[in-house]
Number of protein chains: 2
Amino acid sequence: MKILVVDDEVKLADAIGELLIRNKYMADVVYEAQDGLYYAEHGDYDCIILDVMMPQMDGFEVAERLRKNKCSVPILMLTAKDDIASRVKGLDCGADDYLAKPFAVEELLARVRALTRRKTEIVSDVLTYGDISLNTNNYTLSSGTKSVPLGAKEYEILHMMLNNPTQVFSKDVIISRVWGLDSDITENNVEAYMSFLRKKLFFVGSKVSISSKRLLGYHLEYNQ
Amino acid sequence: MKILVVDDEVKLADAIGELLIRNKYMADVVYEAQDGLYYAEHGDYDCIILDVMMPQMDGFEVAERLRKNKCSVPILMLTAKDDIASRVKGLDCGADDYLAKPFAVEELLARVRALTRRKTEIVSDVLTYGDISLNTNNYTLSSGTKSVPLGAKEYEILHMMLNNPTQVFSKDVIISRVWGLDSDITENNVEAYMSFLRKKLFFVGSKVSISSKRLLGYHLEYNQ
DNA sequence: GTTTACCTTAAGTTTACCTAAAAGTCGCAT
DNA sequence: ATGCGACTTTTAGGTAAACTTAAGGTAAAC
């Protein structure tokens, strides 16, 4: 679960980022609206925490632009102003929720959970495709009677692919999704993990395989 | 856009219902938690406005039961209690938002708008022309029941042509778009790929063909 | 009839991809 | 602290798929 924090108050932004990380989220933190826009559109986040009061471009405008560009990631707006007019404005600009500063960390976390819940609910707690299933509670891949535990990265990659089993995922997309936008991970890293996953798929005796398309990416395949 | 209002305070519930109707929503209003559950599960709503304090069964439990039954309709919880603990509880029970009474009608409407906004229509990432379609998620060309995967270069060329199906594309243009401006690719290369694409068009049994105009370039053609 | 652009296929070549194995991290328990 | 084990990242060499080139054939234009 990846979250983007956009707030020009550096200390607060960092604090939120750390709070999220302590609670098992992946978090990217940026301090400028411009960067926020860029990250949001390229980073594939599950939620964006967006401050309203920022120099140059305010949170309303960021939200509006994102929505205009068909970006539908849930947005939690954060602000000092707590009058009804600005709440209404925030929500109508595309925010999904609105939280006034100062806030209790518990409430922030609860609202983040609420905003990100839908995504995980649709997925239920077991993803399946062909003859394999991925248990999202214990990070285990199984097929028939055999099963094998997955590491965090292996899990994230397979989880992503199982959500759209027919789609081809480019290495870029996989890197930005699993490692984040500003990581210096090489493409070979993705290749290595694909190799690990293939080994495990073979180990559980599945007929599902990861097929690669040169220059395009990877996708799942079920050979009955 | 259909909304369900569940609140045992009859006058308030009716008021909300009328407010919604004045704002172009369809609204059903019920005054008991049990009815709320039944309506929610059988009524196909876009949003549920749910009071917390109700006799017999409170709003938390209603939300929880709905979520347990895989009902993913957005829930806006309405309550007199406005302490952080109950907000957190509400959100964690499955509510998507939490609004304290008394509230401004403008804010209620804004939150409903926010909750119902994400009626995500899945953008079909498919380009079509005549009897063929090109799936941009898995780089596959299909016609009727048959389909065939494309290589990266084949895909780029066909993608470009499908964006303007009637246009004639010169080899120069194709080279500069697909291989880049400063490539030492020969025109024969384009010819070779056109041959590959024609083979695949034939393979899927399409009536679309790539026709060439001497000295000018290539374009798609659909012979019904 | 000659020219020349275009088509096709098959052979060559590159380079993206694969994998094993080593090196590096991190967390955890002793 | 220290060492162990699991996970992650890097390295490096082999392989084969996709791309490129070449060459002979076909058909359109003049």
Side-chain angles (χ1 to χ4, degrees), chain A residues 18 21-24 26 134 138-141 147-161 168-180 182-203 209-221, chain B residues 138-141 148-161 168-180 182-203 209-221:
Chain A
E18 276 162 34
I21 287 168
R22 272 202 308 281
N23 284 275
K24 310 293 179 197
M26 296 179 60
L134 178 67
N138 57 14
Y139 305 95
T140 299
L141 166 69
S147 68
V148 61
L150 298 183
K153 296 281 193 289
E154 293 170 347
Y155 171 79
E156 286 243 10
I157 292 173
L158 190 57
H159 186 273
M160 173 172 83
M161 297 183 84
V168 174
F169 294 88
S170 73
K171 289 175 191 171
D172 281 353
V173 167
I174 294 171
I175 288 174
S176 70
R177 169 77 224 182
V178 176
W179 282 269
D182 46 2
S183 76
D184 45 4
I185 281 296
T186 70
E187 300 207 331
N188 174 254
N189 216 292
V190 178
E191 292 160 14
Y193 271 97
M194 287 301 167
S195 181
F196 297 156
L197 278 172
R198 282 174 172 143
K199 235 186 251 175
K200 295 198 171 175
L201 281 169
F202 177 78
F203 177 78
S209 59
I210 293 173
S211 147
S212 73
K213 306 203 68 166
R214 192 170 228 253
L215 293 171
L216 298 176
Y218 298 89
H219 67 104
L220 295 177
E221 209 168 56
Chain B
N138 57 17
Y139 306 95
T140 299
L141 166 68
V148 62
L150 299 183
K153 294 281 194 296
E154 293 170 347
Y155 171 80
E156 287 231 24
I157 293 173
L158 190 57
H159 187 272
M160 174 172 84
M161 297 184 83
V168 174
F169 294 89
S170 74
K171 290 174 190 170
D172 281 352
V173 167
I174 294 171
I175 288 174
S176 67
R177 291 244 190 110
V178 176
W179 281 268
D182 48 0
S183 77
D184 46 3
I185 282 294
T186 69
E187 301 207 331
N188 174 253
N189 217 297
V190 178
E191 292 160 14
Y193 272 98
M194 287 302 169
S195 178
F196 297 157
L197 277 172
R198 283 173 172 144
K199 231 186 251 175
K200 294 198 172 176
L201 281 169
F202 176 78
F203 177 79
S209 58
I210 294 172
S211 142
S212 71
K213 302 198 73 135
R214 204 183 166 87
L215 292 173
L216 296 177
Y218 299 90
H219 68 103
L220 295 176
E221 209 167 57

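Numbers restart at 1 for each chain; the letters A, B, ... are given by sequence-line order, proteins then strands.
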* Asked: Tell me: CG of B/L216 to P of D/dA28, nearest whole Å?
  -> 15 Å

* Structure fact -> Given protein heavy atoms under 4.0 Å, the one-letter contact record of nucleotides 18-24 of chain D, with B base, S sugar-phosphate only and - none, is simply SSBBBB-

* Structure fact -> So the salt bridge (Lys or Arg N to Asp or Glu O under 4.0 Å) pairs with at least one residue in residues 191-203 of chain B (sequence neighbours excluded) are B/E154-B/K200, B/K171-B/E191

* Rounded distance in Å - CG (B/L150) to P (D/dA17) -> 18 Å

* Asked: Hey, does the side chain of A/K171 come within less than 4.0 Å of C/dC17's phosphate (OP1/OP2), counting only N and O?
  -> yes

* Asked: How close or far is atom P of C/dC17 from atom CG of A/D172, stated in whole angstroms?
  -> 11 Å

* **Whole-Å distance separating the NZ atom of A/K199 from the C1' atom of C/dA21** => 9 Å

* Asked: Is any side-chain heavy atom of B/Y218 less than 4.5 Å from a side-chain heavy atom of B/K213?
  -> no

* Structure fact -> Between the CG atom in A/N138 and the CG atom in A/L150, the distance rounded to the nearest 0.5 Å is 9.5 Å

* Send over the distance from A/I174 CD1 to D/dT9 P, rounded to a whole Å. => 14 Å

* **CD1-OH distance between B/I157 and B/Y193, expressed to the nearest 0.5 angstrom** => 7.5 Å

* Structure fact -> CG (B/N189) and OG (B/S183) are apart, to the nearest 0.5 Å, by 8.5 Å

* **Under the ring pair (Phe, Tyr, Trp, His ring centres under 6.0 Å) test, residues paired with B/Y139 that sit two or more places apart** => B/Y155

* Would you mind reading off the distance between B/Y139 atom OH and D/dA17 atom C1', rounded to a whole angstrom? => 17 Å

* **Nucleotide C/dA5, atom P - distance to OH of B/Y218 in whole Å** => 12 Å

* To do: Kindly compute the distance separating CG (A/L141) from OG (A/S147), expressed to the nearest 0.5 Å.
  => 8.0 Å

* Structure fact -> Across all chains, not counting sequence neighbours, the salt bridge (charged side-chain N to carboxylate O under 4.0 Å, His left out) partners of B/E221 are none

* What distance do B/I185 atom CD1 and B/I174 atom CD1 have between them, rounded to the nearest 0.5 Å? -> 13.0 Å

* **Degree of bending in the helix from C/dG1-D/dC30 to C/dT30-D/dA1 once both end axes are built from five pairs, to 10°** => 30°

* Asked: Is there a side-chain contact between A/F196 and A/K153, using heavy atoms and a 4.5 Å cut-off?
  -> no

* Whole angstrom is fine here: how far is it from CG in A/L197 over to C1' in C/dC18? => 14 Å

Below 3.5 Å is the cut-off: list the nitrogen or oxygen pairs between protein and nucleotides 3-5 of chain D, distance only.
none

* Structure fact -> The reported gap from OG in A/S209 to NE2 in A/H219 (rounded to nearest 0.5 angstrom) is 8.0 Å

